[in-house]
Amino acid sequence: MALRRHTAEDSTAQGLNRCRGVFLDRDGTIIEEKGYLNDPEAIELIPGVAQAIRLFNYLGLKVLVVSNQSGVARGYFTDATVEEVNGKLEALLAHEGARLDGIYYCPHHPADNCVCRKPEPGMLLQGADELNIDLPHSYLVGDKGADIGAAHRVGGKGILVLTGYGTEELGGCQGDPPDFVARDLLEAAYWVLIQEGAERRHEMAIKKELLEILACPKCKGDIILAKKGDGLICKTCKVIYPIKDDIPVMLIDEALPYKEKD
Ligand SMILES: [Mg+2]
Ligand SMILES: [Zn+2]
Ligand SMILES: [Zn+2]
């Protein structure tokens with residue numbers, strides 16, 4: 001078996017109740033793209049990723065990392081190195097209260113024609129099988145066209161982030177366009193929140209717990225609920241994000257200017 005797996009804790013599947021999942025690319029999506037990263041100490045979280053993953057956790061979505069690591073096949077580093085980097089990543093996120101349900105990677109070379117290197121969906125299929133995930137109602141967030149391709153092969157939604165290689169890749173995925181283009185993982189998480197909110201409105205009311213997780217998608221700072229309850233305010237950016245049908249719309253392009261009245 002070529003796929004490697006590492007999971008946080010026992011994520012027992014709950015009977016027939018399939019859960020939705022968010023698959024996350026690693027390099028350029030969760031952590032800064034460094035080109036064949038082989039040093040756990042060099043990991044740099046992209047701003048806002050812990051808040052994004054905490055939101056996925058809050059929404060009850062399983063969070064699985066799916067990463068192409070051809071550096072193993074190329075002889076740049078070993079499986080042990082990948083496991084070490086992944087373990088460190090998991091610890092850094094856990095330190096910020098963000099939980100991963102599984103980490104998968106493909107160690108093969110593109111020329112190996114394996115079933116797991118994205119855009120092939122092998123890692124998604126394995127994760128879905130092991131964690132009882134409903135793939136057509138799941139999401140994949142990544143910075144490459146291959147990420148979007150993998151999402152679409154299993155009938156899920158693909159979100160391209162503009163971190164990592166995202167800006168360069170944007171033009172290249174015209175043939176198979178992403179369902180949404182987000183500036184980064186945090187904004188991607190807010191798009192997921194809107195999709196999930198549309199289907200599960202009754203669960204979405206702005207609760208205190210949700211307010212504590214939400215951060216401004218621009219500056220990643222704290223937001224406060226507007227007195228009328230119709231928006232979320234970032235005082236630093238001087239903007240208000242609307243709340244529509246009880247769903248916070250925390251997208252940068254939807255923000256309205258906010259003037260503080262004194
Ligand atoms: Mg990437
Ligand atoms: Zn593979
Ligand atoms: Zn802000």
Side-chain angles (χ1 to χ4, degrees), residues 1-5 23-37 43-49 51 64-74 79 82 85-86 89 103-127 140-151 153 158-170 172-173 178 182-188 190 214-224 226 231-241 248 250-258 260:
M1 191 67 188
L3 290 177
R4 315 298 161 126
R5 171 172 177 231
F23 295 89
L24 302 177
D25 170 51
R26 193 191 80 182
D27 301 334
T29 301
I30 304 175
I31 62 179
E32 299 290 353
E33 171 63 56
K34 302 227 167 152
Y36 301 107
L37 175 68
I43 293 181
E44 249 183 279
L45 293 179
I46 291 173
V49 298
Q51 285 111 321
L64 297 91
V65 174
V66 286
S67 179
N68 286 352
Q69 292 296 329
S70 68
V72 176
R74 294 175 204 268
D79 285 303
V82 180
V85 171
N86 288 345
L89 169 65
I103 304 181
Y104 298 79
Y105 71 94
C106 160
H108 305 117
H109 193 277
D112 292 343
N113 290 319
C114 65
V115 297
C116 41
R117 183 175 168 83
K118 296 173 290 183
E120 294 301 323
M123 291 187 279
L124 285 72
L125 295 172
Q126 190 185 351
L140 191 152
V141 189
D143 67 328
K144 287 192 175 174
D147 294 306
I148 307 307
R153 283 191 201 194
I159 305 168
L160 187 80
V161 283
L162 297 179
T163 48
Y165 290 111
T167 309
E168 294 160 47
E169 291 271 319
L170 183 57
C173 30
R183 285 164 179 81
D184 55 21
L185 183 57
L186 184 58
E187 202 182 24
Y190 292 144
L214 296 177
C216 173
K218 258 187 170 172
C219 69
K220 320 313 188 212
D222 288 343
I223 42 107
I224 53 164
L232 295 158
I233 298 162
C234 173
K235 289 194 170 182
T236 310
C237 299
K238 298 190 170 55
V239 293
I240 178 162
Y241 299 96
M250 305 283 290
L251 304 177
I252 292 174
D253 294 338
E254 302 281 334
L256 301 166
Y258 172 74
E260 204 167 349

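Just so you know, ligand 1 is whichever comes first in the structure, and atom 1 is the first atom listed for that ligand.
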key: Test side chain to side chain contact (heavy atoms under 4.5 Å, CB included) applied to Thr236 - qualifying residues, sequence neighbours left out   = Cys219, Cys234
query = Can you name the side chain to side chain contact (heavy atoms under 4.5 Å, CB included) partners of Leu45, sequence neighbours left out?
reply =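 Counting only residues at least two positions away or on another chain, Leu45 forms a side chain to side chain contact (heavy atoms under 4.5 Å, CB included) with Ile30, Ile31, Val49, Leu89, Leu92, Leu93, Glu96.
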request  = Tell me yes or no: between the side chains of Asn86 and Arg26, is some donor less than 3.5 Å from an acceptor?
outcome  = yes
key: Tyr36 side chain to Asp27 side chain, donor-acceptor N/O pair below 3.5 angstrom   =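 Judged by distance alone, the side chains do not pair up.
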Looking at [Y], is its backbone amide N or carbonyl O close enough to the side chain of [X] to form a donor-acceptor pair, meaning the two atoms are under 3.5 Å apart?
X: Glu187; Y: Arg183; answer: yes
X: Glu32; Y: Glu44; answer: no
X: Thr163; Y: Asp184; answer: no

request  = Taking the Zn ion (ligand 2) as the reference point, name the nearest N/O/S atom of His108.
outcome  =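 Going through the N, O and S atoms of His108 one by one, ND1 ends up nearest to the Zn ion (ligand 2).
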key: Atom of Ala150, atom of Glu120 and distance for their closest heavy-atom approach   = CB-O, 4.3 Å
query = Under 2.8 Å from the Mg ion (ligand 1), how many protein N, O or S atoms can be found?
reply =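 Total protein N/O/S atoms under 2.8 Å from the Mg ion (ligand 1): 3.
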Positive for salt bridge (charged side-chain N to carboxylate O under 4.0 Å, His left out) with Asp147, one of Arg153, Arg117, Lys118 = Lys118
query = Once you round to the nearest 0.5 Å, how far does NZ of Lys144 lie from CD of Glu168?
reply = 9.0 Å
key: Count, waters excluded, of protein N, O or S atoms under 2.8 Å from the Zn ion (ligand 3)   =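 The number of such protein atoms is 4.
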request  = Please work out the angle at the Zn ion (ligand 2) defined by atom SG of Cys106 on one side and atom SG of Cys114 on the other, rounded to 10°.
outcome  =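 If I round to 10°, I get 110°.
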